[in-house]
Amino acid sequence: MPELPEVETTKRGIAPHIEGKRVSRVHVRQGKLRWPVSPEIEQQLPGLIIHRVKRRAKYLLLETDQGTLIIHLGMSGSLRIVDAAVEPEKHEHIDIVLDGNSCLRYKDPRRFGCFLWSAGAIEEHKLIQHLGPEPLSDVFTIDDFYPKARNKKTPIKSFIMDGKVVVGVGNIYASEALFRSGIHPNRPATHISKARMTQLVSDIKTILSQAIEQGGTTLKDFVNSDGKPGYFQQTLNVYGRAKKPCSTCDTPIKQVTIGQRSTFYCPHCQH
DNA sequence: CTTTGCACCTGTTGGC
DNA sequence: TGCCAACAGGTGCAAA
């Protein structure tokens with residue numbers, strides 16, 4: 001399950017193989033994803049050229065002259081480039097076959113992802129239009145972030161995972177960023193000083209950038225578009241490390257639930 | 001309008 | 001060893 005670094009890694013992995021190529025045919029073996037696969041993907045996409053692959057939040061956007069294919073990988077989705085003659089494995093639900101018979105193949109055991117078609121301006125699409133700033137862009141700043149936290153009693157961990165605040169901070173990196181900032185995940189967002197929030201903005205950028213550099217986290221079923229795993233999980237300081245010693249102070253890492261999601265922190269280092 | 005919890009689905013894990 | 005409940009990377013949306 002892809003967090004933002006995995007989506008970015010996937011984008012970088014597939015883009016060289018599909019940008020500028022024409023779609024020859026599409027196979028949808030299982031169209032029941034989070035929402036039904038848009039019919040345009042089978043009916044209109046063949047014949048069109050994928051000019052460019054972009055990413056917005058955790059959405060991958062494949063641009064054509066007639067519209068944009070919006071792909072989300074959900075919890076368990078992955079994309080790989082494979083020869084179209086290769087027999088699909090279990091849960092490989094969709095093929096976008098390109099001229100030359102290479103194929104963008106989508107696998108998603110839990111089917112929480114989506115394949116949707118946007119004919120109009122992508123920034124006006126329902127799923128895209130209300131998204132907050134990209135964490136790695138220069139529009140994600142303390143001057144944007146801090147005012148949003150005023151009077152928000154929600155735990156800071158939930159706050160940074162809210163896509164209207166900032167996109168792309170998933171469950172793993174939320175815990176990791178807060179550890180780096182020394183902030184307790186349950187602290188109400190409004191009760192954090194501007195100085196500490198400034199540090200948090202910086203740490204979110206650092207954590208995500210590092211993960212992208214290292215090729216994305218591989219947990220369970222995520223596989224790069226190359227079929228090679230990433231290695232960032234070896235660098236995780238708190239996520240998945242309940243009862244193990246803190247890398248800084250040796251205090252056992254605690255696991256709690258915040259907003260129905262597992263959360264990890266060091267009770268000595270984070271306040 | 002804001003906040004909370006559910007729902008979607010399959011596969012893996014851990015406790016008894 | 002086997003069974004079954006609990007849990008897993010996301011997030012839109014209905015309900016409160």
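By convention in this document, chain letters (A, B, ...) are assigned in the order of the sequence lines, proteins followed by strands, and residues within each chain are numbered from 1.
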Integer-rounded Å distance: dG10(C) P and Phe115(A) CZ: 19 Å

Distance in angstrom units between Gln129(A) CD and dG12(C) P, rounded: 11 Å

dA6(C) versus dA7(B) - spacing of their P atoms, nearest Å: 16 Å

Sub-4.5 Å side-chain heavy-atom contact between Thr68(A) and Thr64(A): no

Nearest-Å distance for atom pair CD/C1', residues Gln255(A) and dA8(C): 11 Å

Side-chain heavy atoms of His17(A) within contact of Ser102(A), under 4.5 Å: no

Side chain of Pro109(A) (C-beta onward), nearest among dG11(B), dT4(B), dG10(C): dG11(B)

Of the listed nucleotides dG12(C), dG10(C), dT4(B), the one nearest the side chain of Tyr59(A): dG12(C)

Joint hydrophobic cluster, Phe115(A) plus Val53(A), side-chain heavy atoms closer than 4.5 Å: yes

Pair Glu8(A) + Arg12(A): basic N to acidic O under 4.0 Å: yes

Closest to side chain of Ser262(A), choosing from dG10(C), dT10(B), dC7(C): dC7(C)

Phe145(A) and Phe140(A) aromatic centres sub-6.0 Å: yes

Any His72(A) side-chain nitrogen or oxygen under 4.0 Å from OP1 or OP2 of dT11(C): yes

Side-chain donor or acceptor of Ser137(A) paired with backbone N/O of Glu134(A) under 3.5 Å: yes

Glu63(A) vs Ile50(A) side-chain heavy atoms within contact, under 4.5 Å: no

Verdict with supporting geometry, Lys243(A) and Ile253(A), side-chain contact (heavy atoms from CB on, under 4.5 Å): CA-CA 5 Å; Lys243(A) 299 181 181 174; Ile253(A) 298 301; over 6 Å; no

Atom pairs under 3.5 Å: protein N/O with N/O of nucleotides 14-16 of chain B:
none

Value in whole Å for how far the C1' atom of dC9(B) lies from NE2 of His91(A): 9 Å

Aro-ring/base stack Phe112(A)-dT11(C), d under 5.5 Å, angle under 30°: no

Member of Ile96(A), Val97(A), Leu45(A), Leu98(A) meeting the side-chain contact (heavy atoms from CB on, under 4.5 Å) criterion with Arg25(A): Val97(A)

Lys/Arg N to Asp/Glu carboxylate O, Arg80(A) vs Glu92(A), below 4.0 Å: yes

Interface residues of residues 140-152 of chain A with DNA chain C (non-hydrogen, below 4.0 angstrom): none

Salt-bridge contact Lys107(A)-Glu89(A) (side-chain N to carboxylate O under 4.0 Å): yes

Salt-bridge present (Asp99(A), Lys21(A); N to O < 4.0 Å): no

Sequence-distant partners of Lys32(A), salt bridge (charged side-chain N to carboxylate O under 4.0 Å, His left out), two or more places apart: none

Phosphate OP1/OP2 of dG11(B) contacted by Arg110(A) side-chain N/O (<4.0 Å): no

Scan nucleotides 13-16 of chain C against the protein and return all N/O pairs shorter than 3.5 Å with their distances rounded to 0.1 Å.
{"unit_1": "dC13(C)", "atom_1": "OP1", "unit_2": "Lys126(A)", "atom_2": "NZ", "d": "3.1"}

Lys90(A) vs dG11(B): side-chain N/O to OP1/OP2 distance below 4.0 Å: yes

Side chain proximity check, Lys153(A) to His191(A), heavy atoms < 4.5 angstrom: no

Side chain of Gln260(A) (C-beta onward), nearest among dG11(B), dC6(B), dG10(C): dC6(B)

Selection: residues 158-168 of chain A, any non-hydrogen atom under 4.0 Å of DNA chain C: none

Sugar-phosphate only, base, or nothing, as touched by Lys32(A) at under 4.0 Å among non-hydrogen atoms: nothing

Rounded distance (Å) that lies between atom P of dT10(B) and atom CG of Leu33(A): 12 Å

Separation of dA8(C) C1' from Glu3(A) CD (nearest whole Å): 12 Å

Main-chain N/O of Phe264(A) paired with Ser175(A) side-chain donor or acceptor, under 3.5 Å: yes

Over 12 non-hydrogen atoms of neighbours within 6.0 angstrom of NZ in Lys254(A): no

Residues Gln255(A) and Thr263(A): side-chain donor-acceptor under 3.5 angstrom: no

Plane angle bin for Tyr265(A) and His184(A) - parallel if under 30°, tilted between 30 and 60°, otherwise perpendicular: tilted

Secondary-structure notation, DNA chain B, from Watson-Crick and G-U pairs under 3.5 angstrom (| other strand): .|||||||.|||||||

dC7(C) and dG5(B), which share atom name P, separated by this distance in whole Å: 16 Å

Whole-Å distance separating the CG atom of Asp108(A) from the P atom of dG11(B): 11 Å

Nearest-Å distance for atom pair CG/P, residues Leu116(A) and dG10(C): 18 Å

